[in-house]
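Here's the structure we're looking at; comments come further down.
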Amino acid sequence: MTTYLIKNAKPYGEDAVDLLLADGVITAVGTDLSADGAQVVEAAGLIALPGLVDLHTHLREPGREDAETVETGSRAAALGGFTAVHAMANTDPVADTAGVVEQVWRLGQEAGLVDVVPVGAVTVGLRGERLAELGAMADSAARVRVFSDDGHCVADPALMRRALEYVKALDGVVAQHAEEPRLTVGAQMNEGDRSARLGLVGWPAAAEEAVIARDVLLARHVGARLHVCHVSTAGSVEILRWAKSRGVQVTAEVTPHHLLLTDECAETYDPVFKVNPPLRTDADVRALRAGLADGTIDAVATDHAPHAVEDKESEWASARPGMLGLEQALSIVVQTMVEPGLLDWRGVADRMSVRPAAIGRLADRGPDSHGRPLAVGEPANLLLLDPTHRATVDPAALASRSRNSPYAGRELPGRVVATFLRGTATVMDGKAQK
Amino acid sequence: MKRHLLEAADLDRADATLVLDTAGQIESALAGREVKKLPTLRGRTVVNLFYEDSTRTRISFELAAKRLSADVINFSAKGSSVSKGESLKDTALTLEAMGSDAIVIRHQASGAPHRLARWVKGSVVNAGDGTHEHPTQALLDAYTIRQRLGRLDGVRVAIVGDVLHSRVARSNVWLLTTLGAEVTLVAPPTLLPVGVGSWPVAVSYDLDAVLPKVDVVMMLRVQAERMNASFFPSAREYSRRYGLDGRRMAVLPDDAIVMHPGPMNRGMEIAAEVADSARSTIVDQVGNGVSVRMAVLYLLLGGAPEGTT
């Protein structure tokens, strides 16, 4: 196994040091390190961060390998600086059994670019009727700890209560896609001034907020952990802030696109901007950034959602919702949070690595842990970022099998120069190593 | 004029006035002629691409194109390659490869004409997209108002009914306000979009309070499927509160007119005695529709007058 000596990187943007990576572990941190036979990585000016952890990725395999596979999605993730991604359960077949989650987990191991951590469905077939065998998935080789019907809300309050209670025994968490389905029948975009004018059916903020309010009350009542997926509204942030102040065990994530884009994007009717929950208003974007800055929102999660060309090159209403995110996530956070001074690099590490790893229970898995500090003895999961580099996003150049990037043609800051997974370079000089 | 007519919101006052004036010129040019046809678009091909059934609008566009001597292809989605799963983009590229110069599109999805305009080189005319816009309907409505009242500036217009789902209402809001009219939307709150407050209009829930103060009442069709979705309790209650009957027509100012884009639900949003009254412009609207659509096709395809691009 190659030993890497990273010279003059700035961990968390702080003083430059050398890091020695050997046998999958950070074996030394200091100035003027040297090591015989080590491959030297010149990292002057680069920022070292712990490998990013995504709580919310759609890898599409099994079922839609034309849109993404575990391998292509893993490559996109590594290029984005990730060392672990949670693969959502809405595959075909649905990841609602130990068999499917083990298949996804094994495909991730074979790809070897990031740790693919399967999410298990809460209910059989995502149908919201009865619980899937959550324990079997937790006990499987995939060690599932996050359960979600993402794409669908666990709308039945009694079933949600049971799910929250049941996963306590598994040290698990239910990740809720908060969307009251009766309020979003046929919904296409945020309900407001722009939907009124564009004649697209509105998706009211209240449909998200009502479910979050209900679920934090349920989580408090039964003393369970709740995680809220892709929070998109200012009202949701307020409810989460209230719940946390009352000691409810709730965590939440926000996507890069909800930190940057607004419903103004829908004015072109280009479905590359169609996503669920929809892009919201400027005021929502401001509230989400503030919530992420003060920790009300715990994590940035991509909701990376690849779609085949024919599922996006259509009328808005018939296009599938979702957008790519893995390769640009860190750049968006740099632009929306770091450059305006809302988060420092420690904050970025916290929201994109430490906290998501803790939510997914990945922080205490020995040599397989993620979200650990950049320190001697820790697993060598890290990335090197050039924060000054700026480039225009070209969808054709993405590693994802799909091209539905909402950032096409946008100039974004930051380039992931290298990513290491347990001491192995998955990305070097900005290129995937396999 | 721009290359496409996608929405009334795109039209500035000069463009909109140009369409209305051109329609008037076309009407005068044809008046009294035995052969009601102009040679302007000879050799050009107009495709009517209709994803929704709409015999009236399709016939109106077909007549407009034929009176300008264009070749007309009617492409109905039913029973075509579309019913076999062909995408809008593939259909459009196929039609263009066959030599269409303009595509007139009616589609159930809001924004479909905008997508189409990105994929084809020819002109696109929106003949109604989902609940978004129906710009030629608004143009013919404006033309009819101007014809009957002699002006649009300062004309007080009430648009009554299912504004939420109405592309006619949206197009009229933008076009009529651009042309200087004062628009009031009248509907139960359930049939107004959240966000209507950002439109340049007044809003009222009370038809009786509005009627004495308007020059034009435009009644919108209420679709049968709304009745089972709790937008209002019953057809009878809707009709009592928002229907235009003889009693309500009597409180209108003397020269006020009553409009309806059709097809009407007689006895629901409009009583027969109103629809058939001297105030009604419903038949005029249909006739004016052909002239206005001729003007639109002429301006998009026939070469606009100097200085307008």
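So you know, we letter chains A, B, ... as the sequences are listed, proteins then strands, and number each from 1.
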Inset, instruction - Would you mind telling me which of A/A266, A/S318, A/P271, A/P204 has the largest number of heavy-atom pairs within less than 4.5 Å of chain B? - result: A/P271
Legend entry - Interface moiety of B/H165 toward chain A, non-hydrogen atoms closer than 4.5 Å: neither
Legend entry - Most contacts with chain A, counted as non-hydrogen pairs under 4.5 angstrom, among B/E7, B/H107, B/H132, B/R170: B/H132
Inset, instruction - Of all the heavy-atom pairs spanning A/A196 and B/V194, show the shortest one and how long it is. - result: CB-O, 3.5 Å
Inset, instruction - Please look at A/R194 and chain B and tell me whether the side chain, the backbone, both or neither of the residue comes under 4.5 angstrom of a heavy atom of that chain. - result: neither
Inset, instruction - Please indicate whether B/Q108 has more than 12 foreign heavy atoms, meaning atoms of other residues, nucleotides or ligands, lying under 6.0 Å from its CD. - result: yes
Legend entry - B/R115 bridged to A/E315 by N-O distance under 4.0 Å: no
Inset, instruction - Salt-bridge test for B/R118 and A/D270: reply yes if a basic N is under 4.0 Å from a carboxylate O, no otherwise. - result: no
Legend entry - Pairwise distance OG(B/S110) to OH(A/Y269) - rounded to 0.5 angstrom: 5.5 Å
Legend entry - CZ (B/R156) with more than 12 external heavy atoms under 6.0 Å: yes
Inset, instruction - Identify the heavy atoms of A/G199 and B/T131 that sit nearest to each other, and give their distance. - result: O-OG1, 2.6 Å
Legend entry - Atom pair CZ (A/R197) and CH2 (B/W199), whose distance is rounded to the nearest 0.5 Å: 9.5 Å
Inset, instruction - Mind listing the closest non-hydrogen atom pair of A/T268 and B/H114 along with its distance? - result: O-CB, 4.5 Å
Legend entry - Atom pair CD/NZ of A/E310 and B/K89 - distance to nearest 0.5 Å: 11.5 Å
